Amino acid sequence: MRHAVECSQLANEMNNMGHLLEVENLEVKFALRFGDLTAINGVSFTLDRGERLGLVGESGAGKSVTGFAVINLLSKPGYISGGRVRFEGQNLGRLTEEQMRDIRGNRISMIFQDPMMTLNPLLTISTQMVETILAHQNVSRADALDIALEKLKKVYIPSPEKRLSQYPHECSGGQRQRVGIARALALEPRVLICDEAVSALDVSVQAQVINLLMALRESRGLAYLFISHDLSVVHHVADE
């Protein structure tokens, strides 16, 4: 009886808190010479703790643009022209860039379709992962290195100790993608935006990484926005 009352109180608290992530009538445009081009028009969805939402569409449909817009990472000439994005009750559009940096990567992480977009070719994997961890967590460099190694092991990178000392160009495409996944998981975010996160991986590794993501959902209540054109993957990973 006591357990039922506690569960009821928890449910009421979650309802009062609202959704973890709310996207309402999102509109994105690109300012071009011949006028503004609308890329996203009135997209709305919500994401709760532990929920898995699939965002499906063909190439060029605006899936990735939606993901970038959620974390306010659009490159010019793209800009958010309408709508609202709220995370844990905060309107992200009203935050300063410094405040957004605290949320982006730390509480909302994104796995990018092309890892070379985010991996610096001039820095080792170790440097890039450790600096990311140190920027958001109050840990020593040695502890940050241990966290980086642990996350590389979790995404099934062969010889993870060796990979830490390598540069991105020394890794295969699939290995670079797994580094991107490991870095996104290093800060233990609450929401993970996966932009074709497993499309570059072999089928066997793909299954292992998906199983890892699902286990994190169960253990930590991690919420996912899965962006993909692969309906078979979405069928296995998404609730909706």
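It should be emphasised that the depicted structure is a prediction, and the values quoted were computed from it without experimental measurement.
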**OP:** Flag yes if more than 12 heavy atoms outside His136 fall under 6.0 Å of its NE2 atom; otherwise flag no.
**Re:** yes

**OP:** Working to the nearest 0.5 Å, report the span between CD of Gln206 and CD1 of Ile210.
**Re:** 5.0 Å

Original post:
Side chains of Ile193 and Ile227: does their closest heavy-atom pair fall under 4.5 Å?
Top reply: yes

**OP:** Mark yes or no for whether Arg107, through its side chain, and Pro189, through its backbone, hold a donor-acceptor pair below 3.5 Å.
**Re:** no

Original post:
Charged N to carboxylate O below 4.0 Å: is that the case for Glu131 and Arg141?
Top reply: yes

**OP:** Spell out, as yes or no, whether a donor-acceptor pair under 3.5 Å connects the side chain of Ser140 to the backbone of Asp143.
**Re:** yes

**OP:** Dump the intermediate steps for side-chain hydrogen bond (donor to acceptor under 3.5 Å, both in side chains) on Asp230 and Ser232, then the final yes or no.
**Re:** CA-CA 6 Å; Asp230 190 334; Ser232 63; 2.5 Å; yes

Original post:
Can we say Arg217 and Glu51 salt-bridge, meaning some charged N sits less than 4.0 Å from an Asp/Glu carboxylate O?
Top reply: no

Subject >> Trace of the side-chain hydrogen bond (donor to acceptor under 3.5 Å, both in side chains) decision for Tyr167 with Asn120 >> reply: CA-CA 8 Å; Tyr167 291 86; Asn120 189 325; over 6 Å; no

Original post:
Is the shortest distance from a Lys or Arg side-chain nitrogen in Glu170 or Arg176 to a carboxylate oxygen in the other one below 4.0 Å?
Top reply: no

Original post:
Do the side chain of Asn41 and the main chain of Glu27 share a donor and acceptor less than 3.5 angstrom apart?
Top reply: no

Original post:
When you look at His229 and Glu196, which way does the side-chain hydrogen bond (donor to acceptor under 3.5 Å, both in side chains) test go after all the steps?
Top reply: CA-CA 8 Å; His229 69 278; Glu196 303 282 6; 2.8 Å; yes

Original post:
Which is it for Gln166 and Arg163 under the side-chain hydrogen bond (donor to acceptor under 3.5 Å, both in side chains) test, yes or no, and what are the steps along the way?
Top reply: CA-CA 5 Å; Gln166 290 183 326; Arg163 301 300 170 203; 2.9 Å; yes

